[in-house]
Structures are given as structure tokens and as C-alpha cells.
Amino acid sequence: MEEKLKQEPTSLIKIVLFGPESTGKTTLAKQLADYYKTEWVPEYAREYLQEKWDREKKTCEPHDLLPIAEGQIKLENSISKKANKILFCDTDLLETKVYSEAYYIGKCDSLLEKYALENSYDLYLLTNIDTPWEADDLRDKPDEREKMFNYFKDTLEKYNKNFITLNGDKDVRLKTAVEHIEKLSKGMIDFTDKDLIQLQNKGITTEKVEDQIATFNEGIPFVDLEKAAVVGEGIMRCSEEEQKEFISFFENNKEELSLLKFVPASGAASRMFKAMFNFIDLYNPQQESLASYIDRTNDIDVKRFVDGMKQFPFYNLIMNRLSGDNISDGEQAFNFVKEMLTEQGLNYGFFPKGLLPFHEYESESATPFEEHLKEAALYAKTKEEANLHFTISEQHDAMFKKEEQANTPKISTRTKTNFKITYSNQKPSTDTLAVNMDNSPFRNSDGSILFRPGGHGALIENLNDQDADIIFIKNIDNVVVDANLSAVADSKKMLAGILLKLQSKTFEFASFLESEAITEAKEQEIISFLTEKLNVGFSMDYKQLSIDEKAIFLKAQLNRPIRVCGMVKNEGEPGGGPFFIKDKRGNISLQIIESAQIDMDNPSQVSILKNSTHFNPVDLVCAVRNHKGDKFDLLNFVDTKQGFITGKTKEGKELKALELPGLWNGAMAFWNTIFVEVPLVTFNPVKTVNDLLKPSHQG
């Protein structure tokens, strides 16, 4: 029964003619279908009830409502397959619900009501009663038109449906309807009062929504790769002596600086355990052996997990919670995974990744949260104090604060460090619009506009709220055991030393340009520094500028945030890498580029991709202040055209979602960028639970 009342998925814009009897709905539906050269869905009730009247001389009765509803949806689903972009529906189940409540039984069948509210339409055209009543066999309440109109209008408002009211003759109505449909199809939203309240509550402007619609309409172009960054050309490699020099420079200057460790930590562990969730869903230890299951499914993830089970930092904890002797290997593995993941057990599958046991030591295990504190004590501490900021999901606030209270004191004692820890969540104002396949705003069943989280690129706003001289950035899951901490700390100090030296020279040139006239010799000195040290590209247009215009240009290039990014040799890990890219004006810049930003159908671009030698491990040291000590507004240095458009579904309907430019991709596109080769020991992300079996995570 339920399937008979459910819409089939479609990317069509669906518009409903909605209102009391004899208000011109059918006439307008035909007009609109002709105008847009598409289909319209007649009112199935007329066919059904006319046949009943001819047969029994009776009008609609309560028991007719469900068959009418089923027939209406069947007709809509059938005609949808023939429609051209837009489908006009002479009625919907919400109208049937209105008649059920107002005409017949004072209420609505629960199943009919469920789908009346769940089935989705993009716009309701509410037809007013300013048209003459036209009697026929089925119309029977000419004296209750105003009452019924108000009932229809109140229903649309009650359920937050997107609607407009049509008045006037048929030509005026057609013109008004077309104007609103054009706005809908082009993404020019007629915001309702409820839309505006929704946007206000999220902190999103109407202009921002329309800009995002424009992005969907224009599409996001692929980047134009100029060449891969390699050692000696875009990537700096330091000798052992140089490394010591940069480390020493940082150590000698850090006490006068404010330092911050910024850790994106909102990742959930569910993806990390995807293969193991699949295992407990598919495997029945009572029906087959573990070896048989692995042979049958060729599930190498399960085999690796089981083979290394004793090496996981939570092995003893889980085994102590399990009971049962003389059970098979399959039963033990199944029970172990179930205890690890499910709500009845440790519930690790629903933890934030940062609070899982990652490493085991002689007397205790440690979470990534704890390991980041240990790291901070080695390279992000001044005057015995270390500042850390974690960006976390709102639902994990209490869990992180509990972890902080439980474990920070012991690490503080061991490292002689006073930790100051702060947290933030992704801001609702960074959520992005979802659209239908024709780029019109996607609306939820309650009529509200659908917004989705904008991805980790939204964290540029969280970063922008921080204020420190030097900010170290590293993902929550990229941690090492104690034995490797010293090497990781030295790498970070090296990057920070490079940053401080480059920043010092940048400040010197920026101050000069503010106070003195530029000479040709000074111009060449600054150009050499920008191109050779900060990897700034100059277009041919630069030579055509006057001396004053050149000074302005050079000043703008110097007055930018600086990021020094560690790069590791590419060993097949998925993700972004370092490239020189060219913009539309011919300017060349050094960027971290994801494979999704590259046109894989372009052989020359693919060739450049294949020539890349290094990988981005998200290991950044940043400076966000200018030579006067004022903090940059980081939102001014984002390339909004480096986002991502992805396909999704909601309630069976296809949609497109917009991801903001990645935090270390487009969100930092207009920073001055330096890439430095760092040792592989600095890159140890845990993307799946089996990554914990790698040597870098074994104590």
C-alpha cells in the first residue's frame, strides 16, 4: 500500500496547482504545460468520481479517498517519465488531505497524511476565488468558496510549503506564474518570510545563497596545471646542516612569540570501521568458518584485522569484556568486532576519531588527543605554556571535555607544560545550499531550503577566529608513538624556522615600500625574493605597469598570510599534491591540488599529474599577521572557485551539493606558499582501523 502513495525519484521541477473547486487550476495547468512544452498531470479524482456519478449518481465518499490518492500518484509517476524539465500537477495528496478534513471525516487517514506531507514539490500555485463559479456534476459547495480558500492557504502555511497566490484573469495568472517559475528555475529565489527567518537563524545572507546558485549554474572549472612541483622547483629540500640552522633559529626566537596548535578534529570513526561494520552484517559464525568466509568474500581487510588483532591497543580491554571458552576463531573475531563497534559494547564506531585508543604503551593506551598534547609540549610551547585549539563536532563537545579533564593533568605533569585548550564547531553560516539537478534550490518536505555542511573548507572561519604569531596545523589522526615524537617535533621546528626567516624578509620589504620610493634595484631585489623564495608568479602585464603601480602590486604580494607546508614523497596515498597552476589571467601560483580538481580527460593534465613526486600530508605552519602586527582577515584570501560540486540524494530525490574550497586548497589559495620536503615519519594518518597495525603506530 505505501509504495502506491510514494513519488518516484526525479530531477524535474514539480509545480502543483492548489486551491478550491472552480478556481481555474486545470485551465492554468494546461496553459503552463503548453508554454513550457512539457506535460501536466490531470486530477485523477475527476475521472474516478465522474465514473462513480455516472454509475451510482453519488459524489465522493470517505472510502474513495485512498483509491483516488493511489490513482493520482500512479498518474504522476507515469507522466513524470515524459515531462521536459518541469511537471505541472493539477493536484496532489495534500489537496486530498484538505478535502478529507474539510469535507468528509474531519481528519485524514494516517497513511494518506504521511505521504501528503512527505511527497515533495518545488512550488505551489494557490488559485484564488476571484473567478466565476462553474457548476458541474461533481462541484457541490459554491457557497463555501472563501472558507475553503482560507483552509487551503492555512494548510500551505502550516506545513511551510513554498507557495504564491494567483489572482486575476487567466492571462494575468499565467504571466505571474511564469515569472515565479523563471525565478525558480534560474535560482533567483523569491524568499518567503520563513526562508528569511531560516537564513537569519543560520547567519546566511540572501546574497550568499544567490552566489552559490550562480556557482552551480556556472560550474566549477578544472584547474589548469602548469607543472608538478618537484624538489628544486617548487619544493625545498634542506640539508642536515640547514635543518639544524632552521631549528635553532626557531628555538632562539620562539619565546617572544605566541604559538598555537590548530587541530581539525571533527572526523567521526564510522568510516574508519566501514569494513568491520560490513563484516558483522554479513558474517554468521554459526553457519561458516572464518577461513571459509574470507575465501568466499576475499575480504582482505578482515583477514588483516584478525591476523593483527592482538596488536591493537584495545585488544586486552575488549578481551577482558568478552566471555566464553572453547569458541571458534570465527566466533571470537565476530564477538570482538561486535564488542568494539556496537552501542552495547564500547561503541567505537560512533566515537570521534580523536578519542579512540590509537597507541599502547606499557601501562596505558593513548588517544590522538593525548598525542597532540605531547607534540605541542615539544614544539608549540613558550614559557611552559602550550595553546591548542580543536575543531570538533557539536555532538562530541562533552566527550572531548571529559577526555581533557581525565588525561591532561598527567601529560601536563610529565611534560612540565600548562595546556590551554579551546574548542570550536563548524559554524552554521558556512553551510552550503543544495540544489535540484536544474540548479534550483532543493527544498525539504516542510518547504525549508536544504543546507548541508560545507566540508572542512568551512574551518577557514574557525582558523580566522584564532590569533597567534605562528599557527601549527595538523589533522587529528596524524600522530605517532613516543619513539617518533622527537623526529616529528624537529620537522615542525624546521618548518617554523623557515617561516620565521621568510617572514622577517617579507616584513622588511613591506615596511620599505610603505616609507620609501622604490628604485629599479630595489624592485628587482623584491621580485627575486617573491619569485625565488615565496614562489610568486608574475604575468606579462606586470612590465606594462608604471613604477607606482608596480609598487602597489609588490605591496599586495607581500601583504599576505604565509604558509610553509611539509611534503612527503608520494607512496601511493590518495589525496592532494603540490603543483604550479595557471589562472585565467596567466598568473602562476603554487597550490595544493586534489585529483578531483584535475580534468582526467585531458592527456596533458594527466601527464603532469603522473609526474608529481610528492604528497600533501596536511602539515602546515602558518603566519597570519602583517608587518604591523595586524591579523589578516583570512576570508579575503579564499578562491571561491576552487570548491567542489558533488551528487547526493535525499528522500529518493537527486540533488547537487556544494563543498567549500578545502582548508589547505582553495581556502588558502591566495596565501604566499612554500613547500618543504619532510620525512615520511611525519605522515601517519589513520584512515582505516588496520592503519593502526603499521609500525609507526606500534610502540
Side-chain angles (χ1 to χ4, degrees), residues 204 208-209 211-229 234 262 264 266 391 426-427 429-433 452-465 471 473 475 534-537 556-557 560-565 567 574-600 605 608-609 612 614-620 622-624 632-646 656-675:
I204 297 174
K208 191 172 184 178
V209 173
D211 284 347
Q212 290 179 4
I213 288 280
T215 298
F216 281 113
N217 284 327
E218 296 165 7
I220 295 178
F222 291 116
V223 297
D224 184 3
L225 300 182
E226 179 72 8
K227 58 186 174 183
F262 183 90
S266 57
T391 63
Q426 186 172 315
K427 298 178 181 180
S429 60
T430 64
D431 289 353
T432 55
L433 180 74
R452 306 179 76 260
H456 71 72
L459 298 183
I460 192 67
E461 298 221 15
N462 302 66
L463 183 63
N464 198 38
D465 291 338
I471 301 177
I473 301 179
N475 277 341
L534 297 187
N535 302 295
V536 174
Q557 294 299 320
R560 297 183 177 205
I562 304 174
R563 56 174 176 161
V564 178
C565 312
M567 292 288 153
F579 295 89
F580 289 95
I581 70 167
K582 182 191 295 182
D583 67 16
K584 290 181 179 179
R585 296 182 60 190
N587 295 314
I588 307 293
S589 62
L590 195 55
Q591 303 287 344
I592 296 169
I593 299 298
E594 304 289 337
S595 57
Q597 297 175 269
I598 301 169
D599 183 359
M600 303 305 285
Q605 294 288 286
I608 294 172
L609 174 63
S612 64
H614 285 68
F615 174 81
N616 164 44
V618 187
D619 189 5
L620 290 76
C622 305
V624 295
F632 291 111
D633 182 351
L634 303 183
L635 304 185
N636 293 331
F637 300 90
V638 176
D639 183 353
T640 58
K641 296 305 180 185
Q642 282 196 39
F644 302 89
I645 294 174
T646 57
K656 290 189 283 188
L658 178 65
E659 287 189 25
L660 296 172
L663 179 58
W664 36 84
N665 306 102
M668 294 181 173
F670 300 127
W671 292 40
N672 283 329
T673 298
I674 302 93
F675 293 153

J.: With side chain to side chain contact (heavy atoms under 4.5 Å, CB included) as the test, would you mind laying out the steps for Leu463 and Val624 before giving the verdict?
T.: CA-CA 10 Å; Leu463 183 63; Val624 295; 5.6 Å; no
J.: Going by ring pair (Phe, Tyr, Trp, His ring centres under 6.0 Å), name the residues that satisfy it together with His456, two or more places apart in sequence or in a different chain.
T.: Trp664
J.: Please list, chain by chain and in numerical order, all residues satisfying salt bridge (charged side-chain N to carboxylate O under 4.0 Å, His left out) with Asp224, sequence neighbours excluded.
T.: none
J.: To the closest 0.5 Å, what do you measure between OG1 (Thr391) and CG (Asn462)?
T.: 6.0 Å
J.: Taking side chain to side chain donor-acceptor pair (under 3.5 Å) as the definition, give me every residue that meets it alongside Asn475, ordered by chain and number, with sequence neighbours left out.
T.: none
J.: Suppose we screen for salt bridge (charged side-chain N to carboxylate O under 4.0 Å, His left out). Which residues come up paired with Glu461, at least two apart in sequence or across chains?
T.: Lys427
J.: Which pair of heavy atoms, one from Ala228 and one from Ser612, lies closest together, and at what distance?
T.: CB-CA, 3.7 Å
J.: What residues form a ring pair (Phe, Tyr, Trp, His ring centres under 6.0 Å) with Phe262, not counting sequence neighbours?
T.: His389
J.: Would the distance check show the side chain of Arg563 and the main-chain N or O of Leu620 forming a donor-acceptor pair, the cut-off being under 3.5 Å?
T.: no
J.: For Lys208 and Thr430, which heavy atoms make the closest approach, and how far apart are they?
T.: NZ-CA, 4.3 Å
J.: Just one of Leu658, Ile204, Asn217 clears the side-chain contact (heavy atoms from CB on, under 4.5 Å) bar with Gln212, so which one?
T.: Leu658
J.: Which value, rounded to the nearest 0.5 Å, describes the distance between Leu225 atom CG and Gln597 atom CD?
T.: 9.0 Å
J.: Output every pair passing salt bridge (Lys or Arg N to Asp or Glu O under 4.0 Å) with a member in residues 659-673, not counting sequence neighbours, ordered by first then second residue.
T.: none
J.: In Å and rounded to the nearest 0.5 Å, what is the CG to CD1 distance from Asn665 to Ile460?
T.: 11.0 Å
J.: Between Asn672 and Val536, is a side chain to side chain contact (heavy atoms under 4.5 Å, CB included) present by the stated rule, with each step listed?
T.: CA-CA 7 Å; Asn672 283 329; Val536 174; 3.5 Å; yes
J.: Restricting to non-hydrogen atoms, name the atom on Ile608 and the atom on Glu226 that form the minimum distance, rounded to 0.1 Å.
T.: CD1-O, 3.6 Å
J.: Please enumerate all residues that pass ring pair (Phe, Tyr, Trp, His ring centres under 6.0 Å) together with Phe632, with sequence neighbours excluded.
T.: Phe637
J.: If every non-hydrogen atom of Pro661 is compared with every non-hydrogen atom of Val638, which pair is closest and at what distance?
T.: CG-CG1, 4.2 Å
J.: Which residues pass the side chain to side chain contact (heavy atoms under 4.5 Å, CB included) test with Asn535, sequence neighbours left out?
T.: Leu590, Ile674
J.: Taking side chain to side chain donor-acceptor pair (under 3.5 Å) as the definition, give me every residue that meets it alongside Ser589, ordered by chain and number, with sequence neighbours left out.
T.: Gln591
J.: According to side chain to side chain donor-acceptor pair (under 3.5 Å), who are the partners of Asp639, at least two apart in sequence or on a separate chain?
T.: Gln642
J.: Return the set of residues passing ring pair (Phe, Tyr, Trp, His ring centres under 6.0 Å) with Phe216 (not counting sequence neighbours), or none when no residue passes.
T.: none
J.: Minimum heavy-atom separation for Arg452 to Ala657, with atom names?
T.: NH1-CB, 3.5 Å
J.: Looking at every heavy atom in both Pro617 and Met567, which two are closest together, and how far apart are they?
T.: CD-CA, 4.0 Å
J.: Taking side chain to side chain donor-acceptor pair (under 3.5 Å) as the test, write out the residues that go with Thr432, two or more places apart.
T.: none
J.: Please report the interatomic distance CG(Leu634) to CG(Asn464), rounded to the nearest 0.5 Å.
T.: 4.0 Å
J.: Roughly how far apart are Phe579 CZ and Lys227 NZ, rounded to 0.5 Å?
T.: 13.0 Å
J.: What distance separates Phe675 CZ from Ile592 CD1, expressed to the nearest 0.5 Å?
T.: 4.5 Å
